[in-house]
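Just below is one structure, and these are the notes that go with it.
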Amino acid sequence: MPGSTLPSPKGTRDFYPIEMARRRWIEDKWRKTSVRHGFEEIDGPTFEHVEVFTIKSGEGIVSEIFGAFSGKDETQLENLKQGHAPFALRPEFTPTLARMFAARAKQLPQPTKWFWQGPCFRAERPQRGRLREFLQWNCDILGMGGPDQPKERATADAEAIAVCVDLLASCGLKPSDITVQINDRHIVAGMLAECGAAGREMQALMLLDKRGKIPEAEIGPMFAAMGVDLARFDAMAAGLRAPRVSDSPRFADLGAALASLGVEDWCAVNPYIARGLAYYTGTVFEVIVDGERAVAGGGRYDNLIEVFGGPPTPAVGFGMGDVVLSLVLQDKGLMPTDAQIAKDLGLRPDAFVISNGTPESDAAVAPLLARLRGRGLHARRSYKATKNIGKLLKDASDAGARFAIIIEGAGEVTLKNLDDNTQDRGATDAMLARITP
RNA sequence: GCGAUCGUAGCUCAGUUGGCAGAGCACCGGGUUGUGGUCCCGGUUGUCGCGGGUUCGAGUCCCGUCGGUCGCCCCA
């Protein structure tokens, strides 16, 4: 008795071979870009003690954590808040990274450059560009640029931005497609304080992040209720905004560092970028493209290592999700074909073995496969019953194989190059020698 | 939590005022005891999301429910 099929959980994805190959293509880009820029890969647990995520997070976050309870009714929420759900699936990696760094801070080099990629979980309502389980890539630079080292800090910030930009470039994106919008929370908080938000800078920052999403007629009174002179802030912000980062006086060091790394064309100062995370302390940035959610976001979090029991440590990093990145590449026509992905990932079969249909040749298929595989080659065969050479060659072609080997019997094969349509018949040993990895 | 929209073959979808459940693609086999990216022929595949109602008769109309997608809220 077959059972009924079960649906995958809301907001999750099943990766069949085609989807998995596309996923690996992106992961491969992430990993190679990180390594090129001198980052070392780390990993941590998929779930953490729930305090790891609540210790430095604002209100409303608990309700979107996957814990021991997935419901959202009042009693379960209370249980979560009171720690009755001991663990939470990670909604992001930065707290885990901070915990790991804090635990071994004294023995780690300065700077420490780490990258990570893996799944994260958020119990949100899924919609375009946002799922409940998604892949994220993080790059972080820790221990570089103390409070009295503005140039080193700018260099670290620029290096984080540069690795992010390099990833975008390696996917075929151009500065005209996408922008890294940069801001500095410390600077903007000071401006907001001057405009009347002293003591409530964080709330004002969060409200600032909604500028452009909420109609002007509504957001004006909201700032007014907070005692903020919005017109005055806008005037100050206008002096900060700059299409070229180095043209904004407050961002001169960062602009110079970005320019020396060759990525300034991708960047602009936008005084209205705030980011939702509570732990950012200075530079913040968001990778923006028209019509989609932010592709990546990050910034400086100089207090977080201390929160996890480590020494005071300057830190900057960003996260990029696979969902929006894939949408952007599709929007721009930059997602390669499946054949190209198979080639990029080294998944093309080197050889596809075909019998000419005699019992002797049929029996020789498996030994030949074993011989090829023993040489480290990717070798396949057809499992079709047909002896029709044309159909078997189609199988070889569909598999994307480089060569077809037709066993002619008695130590003789035909070697066919499926890319240029040339073929040669001869002794097995001589023909196989032509196939190199 | 709120709203819109869509659920028909493995996939993409068509299905007329309510009247026998369809096409393309995919898969398997053949045309072709030997040459692929095309052709041609044949075959397999259905709880029309689920439950109830109206009707002689429901994929079609009504009510409910579940799920997907998109938007709002939120967005670490």
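Both backbone and side-chain heavy atoms feed into the values below; hydrogens, waters and symmetry mates do not. Each chain gets a letter, A, B and so on, in the order the sequences are listed, and its residues count up from 1.
The CZ atom of A:Phe352 sits 17 Å away from the P atom of B:G34 (whole-angstrom rounding). Atoms CD (A:Gln136) and P (B:C75) sit 16 Å apart, rounded to a whole Å. Rounded to an integer number of Å, the gap from A:Asp140 CG to B:A76 P is 16 Å. To the nearest angstrom, C1' of B:G36 lies 15 Å from CG of A:Leu415. Between A:Arg425 atom CZ and B:G34 atom P there is a gap of 12 Å when expressed in whole angstrom units. The interatomic distance linking A:Glu92 (CD) with B:A76 (P) rounds to 9 Å, in whole Å. Rounded to a whole Å, the CD1 atom of A:Ile407 is 14 Å from the C1' atom of B:G34. Look at CG on A:Asp362: it is 11 Å from C1' on B:U33, rounded to the nearest Å.
Here, B:G22 and B:G15 have their C1' atoms 7 Å apart, quoted to the whole Å. A distance of about 14 Å separates the P atoms of B:A26 and B:C41, rounded to the whole Å. When the P atom is used for both B:G49 and B:A21, the distance is 15 Å, rounded to whole Å. When the C1' atom is used for both B:G42 and B:C20, the distance is 23 Å, rounded to whole Å. When the C1' atom is compared between B:U8 and B:C48, the two are found 4 Å apart, to the nearest whole Å. If you take atom P in B:G59 and the same atom in B:C40, they sit 34 Å apart, rounded to whole Å. Taking atom P in both B:G64 and B:C70, the straight-line distance is 25 Å, to the nearest Å. Atom name P, nucleotides B:G10 and B:G46: the rounded distance is 7 Å, in whole Å.
Judged by atom type and distance alone, A:Glu408 reaches the base of B:G34 through a side-chain donor-acceptor pair under 3.5 Å.
Under a cut-off of 6.0 angstrom, the local environment of CD in A:Gln340 is crowded, with over 12 non-hydrogen atoms contributed by other residues, nucleotides or ligands. The 12-atom threshold is not exceeded at CZ of A:Arg250, counting heavy atoms of other residues, nucleotides or ligands nearer than 6.0 Å.
Residue A:Ile354 is classed as having no contact, given no heavy-atom separation below 4.0 Å to the nucleic acid. Here A:Gly390 lies in heavy-atom contact (under 4.0 Å) with sugar-phosphate atoms only.
The nucleotide B:U38 finds no pairing partner, because no Watson-Crick or G-U wobble arrangement with both distances shorter than 3.5 Å includes it. Judged by Watson-Crick or G-U wobble contacts below 3.5 Å, the nucleotide B:A23 has B:U12 as its partner. With both pairing distances under 3.5 Å, B:C48 is matched to nothing as a Watson-Crick or G-U wobble pair. Nucleotide B:U33 is matched to nothing when pairs are restricted to Watson-Crick or G-U wobble geometry with both distances under 3.5 angstrom. Across the strands present, B:G71 finds its partner in B:C2; the criterion is a Watson-Crick or G-U wobble pair with both atom distances under 3.5 angstrom.
The side chain of A:Gln423 approaches B:U35 more closely than any other nucleotide in the set B:A76, B:G37, B:U35. Nearest to the side chain of A:Pro91, among B:A76, B:G37, B:U35, sits B:A76. In the set B:G34, B:C75, B:G36, B:G34 carries the atom at the smallest distance from any side-chain atom of A:Asn356.
A:Ile341 places a side-chain heavy atom less than 4.5 Å from the side chain of A:Arg22. Using a 4.5 Å cut-off on side-chain heavy atoms (C-beta onward), A:Arg132 and A:Arg122 make no contact.
The only member of A:Thr313, A:Thr281, A:Asp140 that meets side-chain hydrogen bond (donor to acceptor under 3.5 Å, both in side chains) when paired with A:Tyr301 is A:Asp140.
Relative orientation of the A:Phe233 and A:Tyr272 rings is perpendicular, given thresholds of 30° and 60° on the angle between their planes. Between A:Trp116 and A:Phe93, the ring planes lie parallel to each other; the angle is under 30°, not in the 30° to 60° tilted range.
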Enumerate the protein-to-nucleotides 69-72 of chain B contacts in which both atoms are nitrogen or oxygen and the separation is below 3.5 Å.
{"residue": "B:C70", "atom": "OP2", "partner": "A:Arg128", "partner atom": "N", "Å": "3.1"}
{"residue": "B:G71", "atom": "OP2", "partner": "A:Arg128", "partner atom": "N", "Å": "3.1"}

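Between A:Ala88 and A:Phe53 the shortest heavy-atom distance is O-CE1, 3.7 Å. Closest approach of A:Gly38 and A:Lys113 over heavy atoms only: O-CB, 3.8 Å.
Projected onto RNA chain B by closest heavy-atom contact, A:Thr358 and A:Tyr280 fall at different nucleotides, the more 5' of which corresponds to A:Thr358.
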Would you give a per-nucleotide map of nucleotides 27-32 of chain B, 5' to 3', where B means the base has a protein non-hydrogen atom under 4.0 Å away, S means only the sugar-phosphate does, and - means neither? -SSBBB
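When the ring pair (Phe, Tyr, Trp, His ring centres under 6.0 Å) test is applied to A:Phe121, no partner is found at least two apart in sequence or on another chain.
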Carefully, step by step, assess A:Thr428 and A:Glu412 under the rule side-chain hydrogen bond (donor to acceptor under 3.5 Å, both in side chains). CA-CA 5 Å; A:Thr428 303; A:Glu412 192 177 2; over 6 Å; no
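A donor-acceptor pair under 3.5 Å links the side-chain atoms of A:Asn183 to the main chain of A:Ile273, judged by distance alone.
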